[in-house]
Asker: 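The following block contains the structure, expressed as structure tokens.
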Amino acid sequence: MPALIKTRMRDAFIVAVTERMAADPSLIFLSADFGSPKLDILAQRFPERFINVGIAEQNLINVAAGLALEGHAVVAYAIAPFLTMRCYEQVRVNLCLLSQVRPMNVTLAGVGAGYSYDVSGPTHQALEDLSIMRVLPNLGVYSPADSATARVLAQQLLPETGIRYLRMDGKELPDVAEAPTVAELRQGFRFLRRGQGVTLVATGYMVHKALEAADLLAQQQGVQAAVIDIMALSPLDGQALGAALAGCPAVLSLEEGFVGKGGLDAALREILWPVAGQTRFKGLGLPHHYRFDIGGRDSLLAAVGLGPEQIAGQAVALLAP
Amino acid sequence: MPALIKTRMRDAFIVAVTERMAADPSLIFLSADFGSPKLDILAQRFPERFINVGIAEQNLINVAAGLALEGHAVVAYAIAPFLTMRCYEQVRVNLCLLSQVRPMNVTLAGVGAGYSYDVSGPTHQALEDLSIMRVLPNLGVYSPADSATARVLAQQLLPETGIRYLRMDGKELPDVAEAPTVAELRQGFRFLRRGQGVTLVATGYMVHKALEAADLLAQQQGVQAAVIDIMALSPLDGQALGAALAGCPAVLSLEEGFVGKGGLDAALREILWPVAGQTRFKGLGLPHHYRFDIGGRDSLLAAVGLGPEQIAGQAVALLAP
Amino acid sequence: MRTAVPCVVAQASGTRVQAGSEGGRRIRVHRPEGRVPGFRNDVPMMTLAELQAKARWVWQQTLLIHKRAPETRVASSLSPVEALVCLYYGDILRFSPKEPLWEGRDRLIVSKGHGSIALYPILADLGFFPLSELEQVCRPGSFLGGIPDPVIPGYETVNGSLGHGLGVGCGMALALQRRHSSNRVWVLVGDGELHEGAVWEAIMFAGHHRLGNLTLIVDNNSRCMLNDTACVVTLAPLAEKLKAFGWRVEECDGHDLAALHPRLSAIGREPAGQPVALIANTIKGHGVPSLEASPISHVLSVPAGEIDRLLAGDYAGAH
Amino acid sequence: MRTAVPCVVAQASGTRVQAGSEGGRRIRVHRPEGRVPGFRNDVPMMTLAELQAKARWVWQQTLLIHKRAPETRVASSLSPVEALVCLYYGDILRFSPKEPLWEGRDRLIVSKGHGSIALYPILADLGFFPLSELEQVCRPGSFLGGIPDPVIPGYETVNGSLGHGLGVGCGMALALQRRHSSNRVWVLVGDGELHEGAVWEAIMFAGHHRLGNLTLIVDNNSRCMLNDTACVVTLAPLAEKLKAFGWRVEECDGHDLAALHPRLSAIGREPAGQPVALIANTIKGHGVPSLEASPISHVLSVPAGEIDRLLAGDYAGAH
Ligand SMILES: Cc1ncc(C[n+]2csc(CCOP(=O)(O)OP(=O)(O)O)c2C)c(N)n1
Ligand SMILES: Cc1ncc(C[n+]2csc(CCOP(=O)(O)OP(=O)(O)O)c2C)c(N)n1
Ligand SMILES: [Mg+2]
Ligand SMILES: [Mg+2]
């Protein structure tokens with residue numbers, strides 16, 4: 001395991017974008033009036049290729065589309081719920097639909113996965129994005145768990161034609177592992193731990209909770225839980241994931257988004273359907289309502305049953321005869 | 001079976017709204033510059049309570065929210081993809097989120113389910129709406145198959161506090177049955193045909209295709225397929241539906257929306273999971289890309305494997321040992 | 001590269017004066033010689049009368065398409081006929097029919113896609129696709145749908161959902177500006193389309209960035225779908241609005257080629273320090289009395305018999 | 001119904017002149033007697049000096065909240081202090097602390113929710129909730145979050161996502177108009193928030209429907225998040241923009257109570273035939289030198305030590 005240095009995904013991402021901007025003079029960075037100190041560095045280094053379009057997410061997407069049609073690679077940067085929901089139809093029409101006919105390269109980089117903006121209230125929380133972005137054709141949906149993954153995603157994706165949404169956490173987090181390999185990125189998932197009995201299949205911040213739960217399971221129950229990090233919801237190699245889960249008696253999915261609403265749990269239920277008789281499955285995620293209560297992210301998660309102890313408990317229950 | 005008179009859902013809906021406006025002086029009808037002859041009648045009868053907000057879907061929702069906060073019941077009327085996607089975040093913040101705290105009564109009435117606007121191209125086709133609206137908390141999602149259902153939905157829902165989206169077809173269709181009962185509406189589904197072997201679980205226009213497929217199965221294969229009409233994706237009584245499907249060896253879901261993306265098939269996979277070992281299941285719907293080709297709706301559907309013969313073929317394949 | 005121009009409907013012939021001539025005065029249309037090597041829309045220089053004849057032909061073809069495909073939005077498609085004819089035949093737009101995405105083209109975004117069926121005969125006439133395709137509009141297998149999409153050679157973007165074109169045009173204009181291209185971006189919108197907030201985000205952006213290579217043509221037919229725009233949500237005073245957002249604004253009769261062509265032509269050649277809007281005052285359903293008279297012309301079809309009578313009659317006098 | 005006003009920070013006392021008095025002249029503030037039976041915000045009539053003292057107290061409280069909860073957006077919350085003080089203490093807004101959704105209230109939508117932490121001490125002071133709650137901001141279990149939500153008594157709508165308030169306000173104003181209510185709708189927005197197209201949809205709608213009971217207060221602190229609004233996407237000339245959309249526009253120094261209060265008070269009592277916008281020219285991070293000086297004041301926190309020094313010093317002279 002790498003050291004427990006905590007970093008922000010957006011910083012790793014922006015550093016990788018900055019490097020790419022040096023290599024690719026076509027790359028333009030658009031922000032909807034959202035920034036960070038690392039972004040200031042980018043903006044100062046490439047003032048001609050950093051454009052703040054203002055608090056106008058619809059136009060963010062449309063300008064990105066126009067630039068992309070003219071051959072620019074574009075990064076469009078904003079707070080995750082606004083980037084995905086305020087301009088959903090712009091993403092649909094001018095990116096997903098248009099890129100089916102004309103080649104375009106646009107990376108939608110959203111910050112604030114799940115509850116990561118914990119004191120800013122539900123408008124700032126991205127609870128629907130995994131589900132709704134997965135619905136759009138021709139769109140990659142990436143959900144890294146750590147900075148190392150965000151960095152290689154940027155390195156991998158920015159040079160490629162295509163449209164993709166990158167869901168980044170808002171908080172400082174330790175890396176969960178060494179950076180994923182290109183092959184792992186391509187299939188959309190990787191094993192963080194091998195195990196037996198139960199597999200915890202998690203995405204984003206829940207990967208951290210899954211690892212904590214796996215520790216608890218090992219310490220308290222003697223169960224070696226496997227942990228899979230889902231880095232991409234689309235494209236996700238369902239065949240490979242199905243094969244990886246073959247023979248596993250119990251699978252828990254973990255997402256910081258509404259559960260039972262077309263996100264990770266739905267993807268897994270589809271993949272696991274053929275072995276449903278042999279494999280027990282339970283999808284864990286956020287219950288289907290908004291929360292106005294204030295509290296640290298982990299206490300918010302614990303309040304809805306997503307603390308590490310609770311996850312471990314669910315795993316035990318799922319394994320029970 | 002009722003006579004094969006074809007009617008438009010939106011007409012039945014608007015007639016029911018007009019009746020309700022006579023009974024409820026608080027009810028206001030908002031349109032985003034979208035209409036029909038029946039709507040002209042409503043507008044002429046209640047000129048003070050018909051407001052065309054112009055081609056401004058975001059403001060349509062926001063004005064609806066403001067009126068609703070002041071105690072008005074509101075119908076907001078627009079083309080389905082624009083009503084759901086152009087103002088998705090407005091629906092989220094000012095209806096779904098706000099109505100969790102303050103009582104509001106707003107009915108989002110969208111026209112153009114699935115491919116129903118067949119010659120208007122993909123921007124006018126509602127392919128994502130079932131999936132993405134189902135993701136929003138505090139929102140009812142209704143998908144009637146015929147005018148009779150649309151009418152009773154209006155009668156049932158308009159007096160109730162709550163926010164709901166009604167997905168209506170754009171074409172003239174015959175009624176599939178007598179109007180559903182209130183109990184059926186409350187549980188979200190009803191049997192149109194009892195049968196054995198295979199159950200076709202369909203929503204919206206696909207209910208018509210399911211009935212045609214069931215006819216073919218009866219005639220050509222001697223299989224009496226059951227047909228279930230899903231009238232609501234939220235709230236949908238999963239326990240009742242699970243019980244209704246108990247013991248059924250094969251279930252096909254049919255939706256005119258992207259399949260495998262959190263719509264009807266995902267709901268069913270969740271409901272059927274406990275009996276996955278005994279019940280074979282396949283989700284049918286639209287493949288995950290847009291279509292620019294022109295053609296009647298049925299030929300578009302046939303091109304993606306959703307013609308009645310193809311559905312019947314899928315049922316036979318699912319039943320095969 | 002242009003194919004010959006077959007005439008499906010007989011064209012009126014006019015005396016040969018140069019395009020842009022107003023009254024008796026002869027105004028030579030600027031020919032952007034050498035501006036871009038390989039300027040490819042080698043449409044012969046047209047007289048005003050020829051432009052008018054072309055507009056008449058396009059008007060007729062639009063009605064004929066509607067006769068075959070009543071799903072098309074005919075009233076919406078008749079108001080921008082002259083603007084489109086000016087752009088394509090009036091030596092304004094640079095384009096290449098055999099290479100629709102030719103780098104040296106000017107970009108035309110038809111944001112009011114539903115109301116641009118008039119562009120089908122123009123694109124066919126110019127060789128973007130065979131004229132015979134006009135017979136297939138809205139038929140299975142055709143690429144010419146009720147609302148045009150970028151699968152049609154000559155269309156840049158996805159149309160059908162209103163309010164997107166200007167924002168996308170901003171991105172294109174910015175890109176062209178960055179590479180010092182002399183190409184322009186033209187965006188055609190409906191007046192009702194200006195209700196959309198996304199358009200105002202783009203108007204604000206273009207004004208701020210002084211996108212002088214961007215032109216907005218407002219097909220100001222003063223109607224949206226259900227009624228007059230003034231009754232629904234008024235846009236007046238439109239010129240003042242746009243000016244307050246940093247745009248240069250011009251306004252003229254959108255059906256009078258003698259007024260319209262010089263304006264568009266001047267916009268097309270003069271470098272501007274700010275984005276330019278041309279408010280083309282038009283009539284929805286222009287030339288079709290039943291459409292002109294109805295506030296809901298948007299959703300009306302013209303019966304085949306009426307189209308036949310109109311085509312037999314005199315276009316210029318129809319309103 | 002109002003609770004007594006405990007002073008967490010000592011208030012400056014002023015000579016008793018009536019609110020709205022400018023210089024030496026005494027202008028009686030209009031008291032809407034009998035307009036609505038049960039007008040409940042029985043805040044005692046205040047002198048200008050008392051209003052100023054109240055503004056100072058609110059400013060201090062806002063800093064103290066920020067000291068305890070550095071997540072709060074302090075720069076954004078300091079610019080609208082005087083506008084909020086006028087509305088609540090200046091006999092303008094009708095409200096009922098013990099019945100926050102009292103039918104007879106005026107509606108205030110704080111569309112720039114993030115930048116309205118200054119409203120917390122006001123609402124507490126007026127009795128919407130106990131003053132002790134101010135100690136709990138952003139703490140687990142509190143309803144006072146980093147961005148206020150309608151779970152807070154006194155807040156009407158969901159805040160946090162910019163650009164929604166005016167449209168919702170249009171719906172409310174329409175409803176009030178329909179039932180001939182004399183109540184008004186006030187909407188407070190940031191200048192950067194006006195980038196959002198949804199706001200312009202609402203501006204257009206309000207202008208068209210002549211929503212004279214709707215007032216927009218623009219907290220024109222000339223900065224959005226990353227920079228000066230003029231550098232990002234300019235809103236100038238803002239008054240001209242709004243006028244072109246059918247609004248009456250007023251403009252004044254948003255920190256000068258002697259100028260601001262009479263304006264707001266007049267808007268609040270004069271029936272208008274069109275929506276009214278007040279552009280309150282303010283300073284982001286008002287009174288905090290480090291914030292005033294930085295174009296990215298939006299994202300800056302003020303260290304506790306600096307807050308202590310500021311509270312010991314002289315507010316009025318701080319800028
Ligand atoms: C986002 C969106 N909302 C609604 C519609 C439905 N619609 C199509 S055309 C139209 C009226 C357009 O009026 P205008 O922009 O004035 O164009 P015109 O046809 O008059 O040129 C409407 C409301 C749409 N296509 N897109
Ligand atoms: C829809 C949306 N986009 C982006 C943001 C992020 N954001 C929060 S405050 C802010 C700047 C606001 O500037 P302004 O409206 O001028 O308000 P001020 O704080 O200056 O009063 C931004 C971009 C948001 N909250 N909502
Ligand atoms: Mg129009
Ligand atoms: Mg500001």
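Lettering follows sequence order; numbering is per chain, from 1. Treat the numbers as computed from the prediction; the structure is a model and nothing was measured. Quick note: numbers below take in every heavy atom, side chains included, and nothing from hydrogens, waters or symmetry partners.
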Asker: Ignoring hydrogens and angles, tell me if any N or O in the side chain of S26(A) forms a donor-acceptor pair with the backbone of H72(A) under 3.5 Å.
Answerer: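 Not a single qualifying donor-acceptor pair exists.
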Asker: Please classify the contact of S299(A) with chain D as side chain, backbone, both or neither, using a heavy-atom distance under 4.5 Å.
Answerer: neither
Asker: Could you look at L194(D) and say if it's the side chain, the backbone, both or neither that has a heavy atom under 4.5 Å from chain A?
Answerer: neither
Asker: Can you confirm if the aromatic rings of F95(D) and Y88(D) lie within a centre distance of less than 6.0 Å?
Answerer: yes
Asker: Check for a donor-acceptor pair, side chain of H114(D) on one end and backbone N or O of G146(D) on the other, with a separation under 3.5 Å.
Answerer: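 No, because the side chain of H114(D) does not come within donor-acceptor range (under 3.5 Å) of the backbone of G146(D).
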Asker: Side chain from CB out, backbone as N, CA, C, O: work out which of these in F34(A) comes under 4.5 Å of a heavy atom of chain D, or both, or neither.
Answerer: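 Backbone plus side chain of F34(A), per the 4.5 Å heavy-atom cut-off to chain D.
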Asker: Side chains of R223(D) and S297(D): is there a donor and an acceptor less than 3.5 Å apart?
Answerer: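 Side chains of R223(D) and S297(D): pair found under 3.5 Å.
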Asker: Quick check on V158(D) against chain A: is it the side chain, the backbone, both or neither that has a heavy atom closer than 4.5 Å?
Answerer: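 The side chain, not the backbone.
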Asker: Is the H208(D) to F245(D) ring centre distance short of 6.0 Å?
Answerer: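 No, too far apart.
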Asker: May I ask you to name which of A32(A), G54(A), G295(A), P81(A) has the most heavy-atom pairs under 4.5 Å with chain D?
Answerer: G54(A)
Asker: Quick one: of N52(A), I55(A), T123(A), who has the most non-hydrogen atom pairs under 4.5 Å with chain D?
Answerer: I55(A)
Asker: Indicate the atoms forming the closest heavy-atom contact of V199(D) with G163(D), along with that distance.
Answerer: CG2-CA, 3.5 Å
Asker: Against chain A, work out which of H298(D), M225(D), E196(D), H195(D) has the most heavy-atom pairs shorter than 4.5 Å and name it.
Answerer: E196(D)
Asker: R139(D) versus chain A, heavy atoms under 4.5 Å apart: side chain, backbone, both or neither?
Answerer: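 Answer is backbone: N, CA, C or O of R139(D) sit under 4.5 Å from chain A.
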